[in-house]
Amino acid sequence: MLRGNRSIDEVFNGAPDVDVENLEPLELGRLSWLQLNYELLVGDGYRTDFFPPGLHPTDPVVVNLQVWDVDDGPAGPFRLAQVRLTCRAGVRIRALQTNSVIDGTDEARRRLSSGWAYRPVAGSIDFKRFNNRWSAEVAVDGRPVLKGHMSLPQPLNAADLQHIANMNAGMVDGEALLLQVEPAITTLGVLRGAPVLENFDPEFWNLGDAKPGFPVIGAGADLTMTLPPVRFMQDPVKSAIHGTRKVA
Amino acid sequence: MEFGVFFELSVPRPFTRESESAAYFDALAQATLADELGFDNAWVVEHHFLEEYSHSSAPELFLTALAMQTERIGLCHGAVVCVPGVNHPVRIAERAAALDILSRGRLQLGTARSSTWTELGGFCNEPDITKVSWDEYVQAIPRMWTQDSFSFDGVSFRMPARNVIPKPVQKPHPPMWVAVTSPGTELEAAKRGLGCLGVSAQSFAAQERTVEKYREVIANCDPVGEVVTDKVHSMNYLFCHEDIGYASKVGRNFINRFSFLNTNQLWSREVFPSSAYRSLGNLAPGKSPGRSDPARSRPEDDPAKVKPLPEGVTIGDPEHIIAAIRKWESAGVDGINFLLSCVDAIPHEEVLESLRLFAKEVMPAFGKGRDDLKVGVKLEVA
């Protein structure tokens, strides 16, 4: 089974300090959720180059371009855009976050960062739902980093959508650890459509010379989400079997 | 009870032309020995792009080679992927019939629809179509084998009237099976009069329920062809060794390697929401018992947890293996197909020895195997 070979320094560059011991659940309430999936088109490297040794790339690696539009909640309304790469911790499907952008309150940014190791850069996220498309446009300091939409959405059953837990790089008491972030989600409705990517900045999303390649599918959902306290953390250089710790 | 051998043709990294060749020729030698020892069937899977796990993308060629060097073992082609971008149904019928001729009527045809994005995406197939295409294929293929003029106007394919040739040797046509990885697929097999080819690990109790439901439904089936294959086969891991401690150690590594390699691939369900793949494939990662609605629940999902060994694993000394097979027999299973190794978990020579010991010590307990190997073998087993 292939293992990642990206250096820990690169994976944890800019990783936030996290306090997982005294974490209260963050109830985000009802939100709109959009995900555009593409197979990762690797440049000169190999798919192992994007993961620390503790994670295993899937074959192929799929890039999740994901946007949340949170109406309200204890941290106020906000929008989050994140890019993730599919992988496995042990045999279980996970997605490693490579970067994220937040458009919302400082409180939302602080809580996502210090509790669940999201490391959102402040930016602007435009998110719109139309009958013929759901679209998102993300910019940081006026620089567009992501623009895309799901075209001609058609309804599916809620159970048809599988949510994948994040692996987020965080510093816990000074130690570099991968946090398994498992939002508790109730999917209320799901739509599916073709993904269309108009702009993507691989450098900003920490993908080097790789980029989204072959389109897989787009999905949009109405759902409720709570971020519960982190249950599991993984040593990034050890396999999940040997390197997973339960949070007390 | 039928005994079969089951080949994925896994290849260890780093891949070389030599290591791929070795995987093929080792498997051929193992299957040839299985024929000599009295095994009933040799199953060869069809997979595409599944690095390490399975390099068996042209099983009909492997089976043709096997047909040329064996005399009696059943040549089980499958499961063939019944999806348009991967195989046209006419090509399946043609190849299978040719193989039936060349093997003098030893072909059995397994069918499947694939469950990985690795494969479906590789052929630009949308997962939604696979249930429909599988249904159309399994209904069409027996007709192609038996009718002089066949035409079809379906969703997954259409064709004007043609005589699909050659016709198979077996009359009216070879037995057909369905690879069953998800609960409920056994009923789809039964409704159509198809054999149930289990390819995932099940508990005894679950297997007993599967068999019971299958028998109920197939008794009133609407067969897709002119042959009803009323059989339930399960898959198991085989390593037979006199030293049970050694067998357990080697066998555990074998099972772990297989389980991990199986998850290199990306399941369709994980990236492509579709009602066609609500239930995950065999040995699915992250699947939790009792998780009825994955959209709502937050299951126990500890990545450090290793799956316990499935019940009734046929790894151990002959006595242990006989006892395990007896339990599968009591659960109503008609046959067991054995995976013999995974990548290089068990060296080729040890696989051959395992097969020989199984034939000598285990098969006679079930009235199987070659008569000359039964001489002097103790049949009394606790």
Side-chain angles (χ1 to χ4, degrees), chain A residues 1-2 35 37-39 54-62 64 86 88-95 156-165 167 178 180 182-188 190-192 214-219 221 223-224 226 228 231-232 234 239-246, chain B residues 12-14 48-53 116-122 124 126-128 256-280 283-288 291-307 342-343:
Chain A
M1 195 172 188
L2 288 175
Q35 180 169 274
N37 283 351
Y38 287 82
E39 292 192 12
L55 297 176
H56 311 276
T58 55
D59 183 13
V61 173
V62 165
N64 307 145
T86 59
R88 296 201 187 275
V91 299
R92 295 162 194 275
I93 186 74
R94 298 287 179 263
L156 292 181
N157 291 312
D160 294 341
L161 178 64
Q162 177 174 337
H163 294 281
I164 298 174
M167 296 300 273
L178 295 167
Q180 181 172 305
E182 315 158 83
I185 292 172
T186 300
T187 306
L188 307 171
V190 180
L191 299 166
R192 193 184 72 187
F214 186 82
V216 178
I217 198 67
L223 48 84
T224 62
T226 298
R231 297 190 295 178
F232 301 105
Q234 185 185 339
S239 72
I241 306 297
H242 301 293
T244 297
R245 302 175 201 174
K246 284 189 179 176
Chain B
R13 290 182 189 277
H48 301 271
F49 318 120
L50 304 188
E51 290 183 344
E52 286 188 279
Y53 178 73
T116 71
W117 177 256
T118 316
E119 294 171 283
L120 294 171
C124 293
E126 286 212 359
D128 292 350
N256 285 346
R257 298 285 294 274
F258 181 76
S259 299
F260 271 91
L261 284 188
N262 196 13
T263 59
N264 264 349
Q265 55 219 359
L266 190 57
W267 301 100
S268 183
R269 174 82 177 84
E270 293 167 339
V271 291
F272 195 107
S274 167
S275 57
Y277 288 95
R278 282 188 192 169
S279 182
L280 297 177
L283 306 173
K287 192 172 179 185
S288 302
R291 187 178 169 189
S292 58
D293 180 359
R296 295 179 60 87
S297 59
R298 185 173 182 246
E300 173 58 40
D301 208 6
D302 181 351
K305 271 196 175 170
V306 179
K307 274 189 167 190
C342 176
V343 287

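Sequence lines set the chain letters: A, B, ... in the order given, protein chains first and strands last, and positions in each chain run from 1.
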Among A:Ala89, A:Pro60, A:Pro57, A:Gly90, single out the residue with the greatest number of heavy-atom pairs under 4.5 Å to chain B.
A:Pro60
In terms of heavy-atom pairs under 4.5 Å with chain B, the winner among A:Gln180, A:Met1, A:His242, A:Arg94 is A:Met1
Side chains of A:Val190 and A:Asp160: closer than 4.5 Å at any heavy-atom pair?
no
Are the side chain of B:Glu270 and the backbone N or O of A:Ile93 linked by a donor-acceptor pair below 3.5 Å?
no
Is it the side chain or the backbone of [X] that comes within 4.5 Å of chain B heavy atoms, both, or neither?
| X | answer |
| --- | --- |
| A:Leu2 | both |
| A:Gln35 | neither |
| A:Ala219 | side chain |
| A:Arg245 | neither |
| A:Glu39 | side chain |

Just verifying a value: how many Å separate B:Thr263 OG1 and A:Arg88 CZ, rounded to the nearest 0.5 Å?
5.5 Å
To the nearest 0.5 Å, what is the distance between CD on B:Glu119 and CH2 on B:Trp267?
8.5 Å
Shorter than 4.5 Å, heavy atoms on both sides: which option in B:Asn264, B:Leu50, B:Thr116, B:Leu261 has the most such pairs with chain A?
B:Asn264
Taking it one step at a time, do B:Ser274 and B:Asp128 satisfy side-chain hydrogen bond (donor to acceptor under 3.5 Å, both in side chains)?
CA-CA 6 Å; B:Ser274 167; B:Asp128 292 350; 2.6 Å; yes
Relative to each other, are the rings of A:His56 and B:Phe260 parallel, tilted or perpendicular (30° and 60° limits)?
perpendicular
